[in-house]
Amino acid sequence: MKRIHTYSGVVGLMIIVAVVLAASKPEPIARDVIKKEYEVEPGGTLSLDMDRGDVEVESTHENVVKIELERRARADDPDEAEEILKSGHRYEFNKQGDDVSIQSRIEGKQRQMRWRRGRGESIKIRLTVRVPNEYDVSFKTGAGNITIMEVSGEITGRTGAGNILLEDIKGEVDVKSGAGNVEISGDLEEIDVATGAGNLTIYAQADEMNVMAGTGNVTVEMQGQPRGESKFRTGAGNVSVSIPENVRVEVDGTASLGTVTCEFPIEISKKLLSNSFSGEINGGGNASITLVAGVGNVSLLRH
């Protein structure tokens, strides 16, 4: 009986090892890269319409729009992976005047079989675009991360789920993510940003800001004198805004269920649940800052 028990244990171990090896065996991958280049003049618009995929847009000193679309497909055999690239994804590039548009869609069965037995997506899309320094960018994506760097223009867009990184931007920003973090830096006229769930981080000079998170922290470092109305709000999370000590502004901060901190000489009002402060900094002026946290803490800091 003892020898039979030992043999059964060895068989069981062999089965486990075989399963592990099968699960760790790499799947065949098919990959291709589609490239396209258009001559344009500064001042045009890049329009992106994608159901999913990561996007990177960066400026160039050339008067061109350079597109590089990378596609990767995974399957149980090489032929299936190649077929996914051929029939599982549709893309289209267009140019009209100085404007360029890009569309990308996952097709048919691949759209329905987004996850293959827990191994991840069967097809992945990555789009890289180079545009003139002065160029507008408009995007609409279902899911995926968006990165836009060193572009001067209007940046507008929506993503259902994904992070948005806007780095060294000049102009105006109006972006929203259903679920994802948003980071913005640059010298801007106006910022309008929102996320349903995620953290918002801004390090910028802007005349006006409208920043709202459904759930998540809002962290802002204002780099100069605002000229209009700025609002920073979260439903659940902390709001922390840092401003130069010499700005002239009216401020109003409220934490409905949390604490408030103000590093400027403004009186704090404490109630049973909510805390708030309101007043003028350096005599106030035409600019105003409002900070609101539903459940969370509010901080107005100096730098």
Side-chain angles (χ1 to χ4, degrees), residues 136-141 146 148 151-244 247-256 258 260 262 276-281 284-301 303:
D136 297 339
V137 180
S138 174
F139 63 86
K140 181 175 66 174
T141 68
I146 308 292
I148 303 175
V151 174
S152 298
E154 294 185 9
I155 311 299
T156 60
R158 309 288 184 271
T159 182
N163 300 323
I164 300 175
L165 172 61
L166 308 181
E167 188 174 303
D168 292 334
I169 304 298
K170 294 183 179 180
E172 297 183 5
V173 168
D174 182 355
V175 296
K176 291 178 174 59
S177 176
N181 301 323
V182 181
E183 296 184 31
I184 302 173
S185 67
D187 188 351
L188 297 148
E189 298 173 15
E190 187 174 342
I191 296 175
D192 193 338
V193 56
T195 182
N199 299 321
L200 303 178
T201 304
I202 299 174
Y203 181 91
Q205 163 63 28
D207 292 343
E208 297 183 355
M209 299 189 198
N210 185 25
V211 181
M212 182 173 65
T215 300
N217 297 324
V218 174
T219 304
V220 179
E221 184 169 323
M222 303 180 75
Q223 294 301 297
Q225 173 68 47
R227 294 180 174 82
E229 184 178 30
S230 294
K231 295 182 179 180
F232 308 99
R233 295 166 290 180
T234 181
N238 300 323
V239 176
S240 178
V241 177
S242 172
I243 62 176
V247 300
R248 301 177 306 279
V249 66
E250 295 183 3
V251 296
D252 193 325
T254 302
S256 298
V260 298
C262 181
S276 63
F277 58 81
S278 180
E280 297 179 348
I281 295 176
N286 296 325
S288 66
I289 296 176
T290 302
L291 307 85
V292 177
V295 179
N297 305 321
V298 166
S299 299
L300 181 62
L301 311 176
H303 67 82

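Bear in mind the structure is a predicted one, so any value in this text is a computation, not a measurement. Residues: numbered from 1 along the sequence shown. Worth knowing before you read on, the calculation uses all heavy atoms, side chains too, and leaves out hydrogens, waters and symmetry mates.
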For T141, the side-chain hydrogen bond (donor to acceptor under 3.5 Å, both in side chains) test, sequence neighbours excluded, returns T159
All heavy atoms of S177 vs all of G162, minimum pair found to be OG-O, 2.9 Å
Indicate yes or no: at least one non-hydrogen side-chain atom of V173 is less than 4.5 angstrom from one of I184. yes
Applying salt bridge (Lys or Arg N to Asp or Glu O under 4.0 Å) to D207 and not counting sequence neighbours gives R227
Tell me, do R233 and N210 make a side-chain contact under 4.5 Å, heavy atoms counted? yes
In this structure, CD of E208 is separated from OG of S288 (nearest 0.5 Å) by 8.5 Å
Exercise for the section: Answer whether the closest heavy-atom distance between the side chains of V193 and L200 falls below 4.5 Å. Expected result: yes
Tightest non-hydrogen contact, residues G294 and S256, listed as O-CB, 3.3 Å
So do I202 and I191 actually touch side chain to side chain, heavy atoms under 4.5 Å?
-> yes
Handout entry: Donor-acceptor under 3.5 Å (S230 side chain, I289 main chain)
Key = no
In this structure, OG1 of T156 is separated from NZ of K176 (nearest 0.5 Å) by 10.0 Å
In this structure, CD1 of I155 is separated from CG of L166 (nearest 0.5 Å) by 6.5 Å
Discussion item. Can you tell me if M222 has over 12 outside heavy atoms packed within less than 6.0 Å of its CE?
Written reply: yes
* Asked: Any donor and acceptor pair, going by atom type alone, linking the side chain of N199 with main-chain N or O of N217 inside 3.5 Å?
  -> yes
d(C262 SG, I281 CD1) to nearest 0.5 Å is 5.5 Å
Taken in chain and number order and not counting sequence neighbours, the residues that satisfy salt bridge (Lys or Arg N to Asp or Glu O under 4.0 Å) with K231 are E229
- Task: May I ask you to test the Y203-T219 pair for a side-chain heavy-atom distance under 4.5 Å?
- Result: no
- Using a 4.5 Å cut-off on heavy atoms from C-beta on, say whether the side chain of V298 contacts that of V292. no
Checking S299 side chain against L301 main chain: does a donor-acceptor pair fall under 3.5 Å? no
| message | For the backbone of R248 and the side chain of Q225, can you confirm whether one donor and one acceptor N or O come within less than 3.5 Å of each other? | response | yes
### Query
How about N181 and T201: do any of their side-chain heavy atoms sit closer than 4.5 Å?
no
The salt bridge (Lys or Arg N to Asp or Glu O under 4.0 Å) partners of R158 (sequence neighbours excluded) come to D174
Between L165 and N163, is any pair of side-chain heavy atoms under 4.5 Å apart? no
Shortest non-hydrogen pair, G296 vs A255, comes out as O-CB, 3.5 Å
Those residues at least two apart in sequence (or on a different chain) that pass side-chain hydrogen bond (donor to acceptor under 3.5 Å, both in side chains) with E221 are Q223
So CD of Q205 and NZ of K170: to nearest 0.5 Å the spacing works out to 12.5 Å
Mind listing the side-chain donor-acceptor pairs of residues 236-244 below 3.5 Å, one per line with the distance, residues two or more places apart or on another chain?
| unit_1 | atom_1 | unit_2 | atom_2 | d |
| --- | --- | --- | --- | --- |
| N238 | OD1 | N297 | N | 2.9 |

Tightest non-hydrogen contact, residues P226 and A287, listed as O-CB, 3.3 Å
Side chain T290, main chain D252, donor-acceptor under 3.5 Å
no
Should the heavy atoms of other residues, nucleotides or ligands under 6.0 Å from CG of N286 be counted, would the total exceed 12? no
Shortest non-hydrogen pair, V247 vs G224, comes out as CG1-O, 3.9 Å
Here the gap from F139 atom CZ to I164 atom CD1, rounded to the nearest 0.5 Å, amounts to 4.0 Å
